[in-house]
2 protein chains.
Amino acid sequence: MQKLLTTKQVAQAIKVSESSLKRWCYQGLLTAIRTAGGHRRLALDDVLHFLRKSGQKLVRPELLGLPSNTGQAAVVMGRAREKVRDALIAGDEDQCRRIVFDLYLAGHSACEICDHVLATAFHDIGLRWECGELTIYRERRACEIGLKLLQELRMAVRTPLTDAPVAIGGTLSCDPYRLPNSMIELVLRELGWRATSLGTSLPTATIGEAVRDSRPRLLWLSVSHIESVPTFLAEYAHLHGVATGTGTAVVVGGRALTAEIRRQMAYSAYCDTLRHLAAFASSLASMDVERNPHNKSDGANPRSECRPGGDAN
Amino acid sequence: MQKLLTTKQVAQAIKVSESSLKRWCYQGLLTAIRTAGGHRRLALDDVLHFLRKSGQKLVRPELLGLPSNTGQAAVVMGRAREKVRDALIAGDEDQCRRIVFDLYLAGHSACEICDHVLATAFHDIGLRWECGELTIYRERRACEIGLKLLQELRMAVRTPLTDAPVAIGGTLSCDPYRLPNSMIELVLRELGWRATSLGTSLPTATIGEAVRDSRPRLLWLSVSHIESVPTFLAEYAHLHGVATGTGTAVVVGGRALTAEIRRQMAYSAYCDTLRHLAAFASSLASMDVERNPHNKSDGANPRSECRPGGDAN
DNA sequence: GTAGAAATGGACGATTTGAACGAATTATGT
DNA sequence: ACATAATTCGTTCAAATCGTCCATTTCTAC
């Protein structure tokens with residue numbers, strides 16, 4: 001059973017354009033068979049032989065190597081979710097990275113990717129883990145990979161300006177869940193905030209210190225686990241008092257915050273999804289701009305191709 | 001993710017002419033692969049490797065997708081340690097990154113950087129934290145930054161080959177210290193291993209499962225904290241049995257492993273520093289090569305500019 | 001200081017590449 | 001089976017890169 005690949009798959013795997021591949025096929029450098037309708041199909045053997053002959057590097061071997069995965073481009077969110085989930089379980093970091101970055105480069109925001117792909121994938125993984133369908137190390141390894149991906153995405157979004165609003169946050173004591181926390185930091189940075197995660201399992205007192213020290217515009221608390229509800233509520237209330245005292249908006253979220261618990265809390269916003277968080281953060285920032293309208297140069301990338309030293313000629 | 005660059009991109013990034021780059025490729029100073037049509041493609045890893053060897057300055061790192069501000073000023077190790085420590089305490093992520101990447105591009109290995117700069121910096125931070133000189137959130141924030149830096153370094157070292165030996169590892173239950181673990185993964189990858197961290201606070205049983213599933217050549221255990229010594233010893237003994245049963249070398253290290261505890265443990269190696277770990281891993285790999293001497297093409301530079309296909313006509 | 005060697009940067013025509021386009025084919029869901 | 005979305009086809013064209021040659025700069029040794 002010879003495995004057949006499309007030009008797109010191979011093009012992505014060796015990082016050249018489809019045009020080049022078509023040309024190489026036409027020139028006979030790479031043998032291709034045709035479907036009845038004239039579409040090219042490349043046999044894996046032929047591709048590998050061609051690569052060896054031409055000395056090219058297989059940039060993403062996972063695209064050609066995985067037997068179970070057809071490797072279609074993942075510009076569609078729906079399929080991406082299951083693919084990422086399965087790759088996470090299998091510990092295939094490269095495959096995960098490929099899908100996620102395909103989505104990002106296809107124009108989806110980090111916020112969307114987190115909400116619709118990563119969060120749901122990890123939700124699935126969590127369920128299977130609870131049912132005992134998944135060995136622990138697979139779940140842990142998946143988390144490690146997820147954190148790496150979030151970190152790489154964080155490097156991909158543009159670095160915030162020095163006059164951008166500041167946000168800090170983390171998780172409270174006995175809550176070691178890092179993934180939601182990293183997602184929040186990523187999404188806020190994508191929106192242009194200078195977001196800094198303080199980490200996980202933080203005593204509430206030290207968060208208060210951080211708020212007093214750095215006077216952020218926004219404080220987020222990701223709450224995935226609560227040890228003792230009364231203690232949590234008491235400590236949270238104190239922290240909330242500190243924050244409002246310094247003009248800091250407090251955003252909370254996380255699956256541990258049931259409606260019952262939320263009823264006893266005061267906050268600036270509660271967010272179910274990262275999209276909600278993004279919306280709130282945006283409105284907060286725009287309010288501030290209206291109140292204090294100085295430079296709001298978005299300046300995404302206006303013609304960064306200028307020759308560096310003007311006087312070099 | 002094996003990033004490929006064109007000669008123009010690299011030329012602009014290090015501010016030399018394309019002609020020079022082409023010449024360096026021809027001379028074998030810089031490894032380049034070719035497209036089927038003969039255009040050069042440079043792997044980011046190789047470019048960084050070349051920069052370190054040749055002492056070139058990276059003028060515009062953002063063109064290579066690297067964090068900006070890197071490669072500007074070479075710093076001496078001695079001062080770097082205190083600078084990094086202070087920047088970590090201040091939460092100045094960019095400053096930390098600049099120093100660390102400067103060191104890396106100046107030719108220092110990730111292993112050295114971890115041992116002499118990061119580890120000592122965090123040692124200092126730990127001491128101050130225990131004395132109460134440091135608020136908790138600063139210590140936590142420093143850890144977050146450290147993890148991010150290690151992750152970025154991990155992306156900068158050359159990607160391991162698919163036939164490289166496999167290493168896995170992590171920390172055991174009740175040991176949440178991620179930094180040493182990430183350092184180990186980084187150093188092993190720098191040595192060419194396919195190292196994968198399974199995460200922290202892992203039950204010993206699931207590590208055993210992972211060993212059985214992926215049959216690594218090396219298993220590392222970073223032990224920064226032990227809850228109950230007898231439990232630890234019992235569980236470790238079992239895990240060590242599993243590992244030796246599958247031909248897996250076990251490397252242990254960490255400040256919680258006192259001489260007294262070590263006396264009651266069996267292991268392939270105990271490492272005080274990452275340099276020790278690197279030395280052991282290297283000897284392990286070279287032993288395997290001797291025993292099974294197939295392709296060991298280091299291929300440093302002997303005329304790697306060969307035109308690809310000999311028999312393509 | 002000067003001559004020679006070595007390295008650099010720029011310029012040239014020829015070739016390769018990647019992106020675009022409408023039309024046709026394939027995949028997917030009901 | 002059919003409708004619709006997604007992919008691939010063949011083609012064209014501007015931009016990028018190739019190899020090569022040469023003028024200029026930098027280095028080295030006398």
Side-chain angles (χ1 to χ4, degrees), chain A residues 3-43 47 50 53-57 59 63 69-83 99 102-103 105-108 303-305 307-309 311-313, chain B residues 3-30 32-43 47 50-51 53-57 59 63 303-309 312-313:
Chain A
K3 191 173 181 188
L4 292 181
L5 306 153
T6 67
T7 51
K8 183 173 194 174
Q9 290 175 279
V10 178
Q12 289 184 333
I14 65 180
K15 208 137 195 174
V16 297
S17 66
E18 289 180 62
S19 300
S20 295
L21 268 184
K22 286 190 283 191
R23 203 176 316 108
W24 295 337
C25 289
Y26 176 76
Q27 294 172 347
L29 296 170
L30 173 55
T31 21
I33 62 174
R34 301 286 191 134
T35 66
H39 284 196
R40 274 171 269 257
R41 288 298 122 92
L42 309 172
V47 173
F50 166 72
K53 224 168 36 176
S54 64
Q56 286 190 86
K57 219 170 196 170
V59 185
L63 246 183
N69 219 327
T70 56
Q72 302 285 354
V75 285
V76 201
M77 281 279 184
R79 311 279 303 272
R81 171 192 157 180
E82 288 91 18
K83 287 186 181 175
I99 300 173
D102 275 353
L103 288 169
L105 293 176
H108 294 101
R303 197 50 43 110
S304 57
E305 258 288 303
R307 286 297 288 271
D311 52 352
N313 47 358
Chain B
K3 200 168 181 176
L4 288 185
L5 306 154
T6 66
T7 52
K8 185 176 196 173
Q9 291 176 283
V10 178
Q12 289 181 337
I14 65 181
K15 214 144 196 173
V16 296
S17 66
E18 288 180 59
S19 298
S20 294
L21 271 182
K22 286 192 280 191
R23 200 176 320 108
W24 293 337
C25 289
Y26 176 75
Q27 294 171 345
L29 299 171
L30 172 54
I33 61 172
R34 301 284 195 136
T35 66
H39 285 196
R40 273 169 270 256
R41 289 295 122 92
L42 309 173
V47 173
F50 167 73
L51 289 178
K53 263 195 316 199
S54 65
Q56 293 270 352
K57 291 280 184 292
V59 184
L63 291 182
R303 195 51 44 106
S304 53
E305 262 277 304
C306 52
R307 276 307 281 271
N313 45 359

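Each chain gets a letter, A, B and so on, in the order its sequence line appears, and its residues count up from 1. Excluded from the calculations below are hydrogen atoms, water molecules and symmetry mates; all remaining heavy atoms, backbone and side chain alike, are included.
- Heavy-atom nearest nucleotides on DNA chain C were determined for A:Gly37 and for A:Gln27, and the one closer to the 5' end corresponds to A:Gln27.
- Atom-to-atom, CD of B:Gln56 to P of C:dA7 comes out at 13 Å; the value is rounded to the nearest Å.
- For the pair A:Leu42 CG and D:dC9 C1', the computed distance is 14 Å after rounding to whole Å.
- The nearest whole Å value for the distance from the NZ atom in B:Lys22 to the C1' atom in C:dT16 is 13 Å.
- Taking atom CG of residue A:Leu5 and atom C1' of nucleotide C:dT26, one finds them 16 Å apart after rounding to whole Å.
- Listed pair A:Arg34 / C:dT26 fails the phosphate criterion, with no side-chain N or O lying under 4.0 Å from OP1 or OP2.
- In the set C:dA20, C:dG18, C:dG9, the nucleotide with an atom closest to the side chain of B:Arg23 is C:dG9.
- OP1 or OP2 of C:dT17 lies within a sub-4.0 Å distance of a side-chain N or O belonging to A:Trp24.
- Closest contact between the side chain of A:Lys8 and the listed nucleotides C:dG9, D:dT7, C:dT17 involves D:dT7.
- For the pair B:Arg41 and C:dT17, the criterion of a side-chain N or O lying under 4.0 Å from OP1 or OP2 is not met.
- If you take OH of B:Tyr26 and P of D:dT20, they are 8 Å apart, rounded to a whole angstrom.
- For the pair B:Ile33 CD1 and D:dT17 C1', the interatomic distance rounds to 15 Å; values are reported in whole Å.
- In this model, the phosphate group of C:dT16 is not approached by any side-chain N or O of B:Thr35 to a distance below 4.0 Å at OP1 or OP2.
- Nearest-nucleotide assignment on DNA chain D puts the 5′-proximal partner with A:Arg40, out of A:Arg40 and B:Thr6.
- Using a 4.5 Å heavy-atom cutoff, the side chains of A:Leu30 and A:Ser54 are not in contact.
- Between B:Ser20 and C:dG9, a side-chain N or O to OP1/OP2 separation shorter than 4.0 Å is present.
- Nucleotide D:dG10 holds its C1' atom 13 Å from the CD atom of A:Glu18, rounded to whole Å.
- Across all their heavy atoms, B:Val47 and B:Leu5 have their closest contact at CG2-CD1, 4.4 Å.
- Between A:Leu21 atom CG and A:Leu42 atom CG the span is 7.0 Å, to the nearest 0.5 Å.
- Of the two residues near DNA chain C, A:Ala36 and B:His39, the one whose nearest nucleotide lies more 5' is B:His39.
- The shortest heavy-atom contact between B:Leu4 and B:Arg41 is CD1-CB, 4.3 Å.
- The two residues B:Ala36 and A:Trp24 make their nearest non-hydrogen contact at CB-CE2, 3.3 Å.
- As rounded to whole Å, 12 Å separates atom C1' of C:dA7 from atom CG of B:Leu29.
- B:Ser19 contributes a side-chain N or O that forms a donor-acceptor pair with the base of C:dG10 under 3.5 Å.
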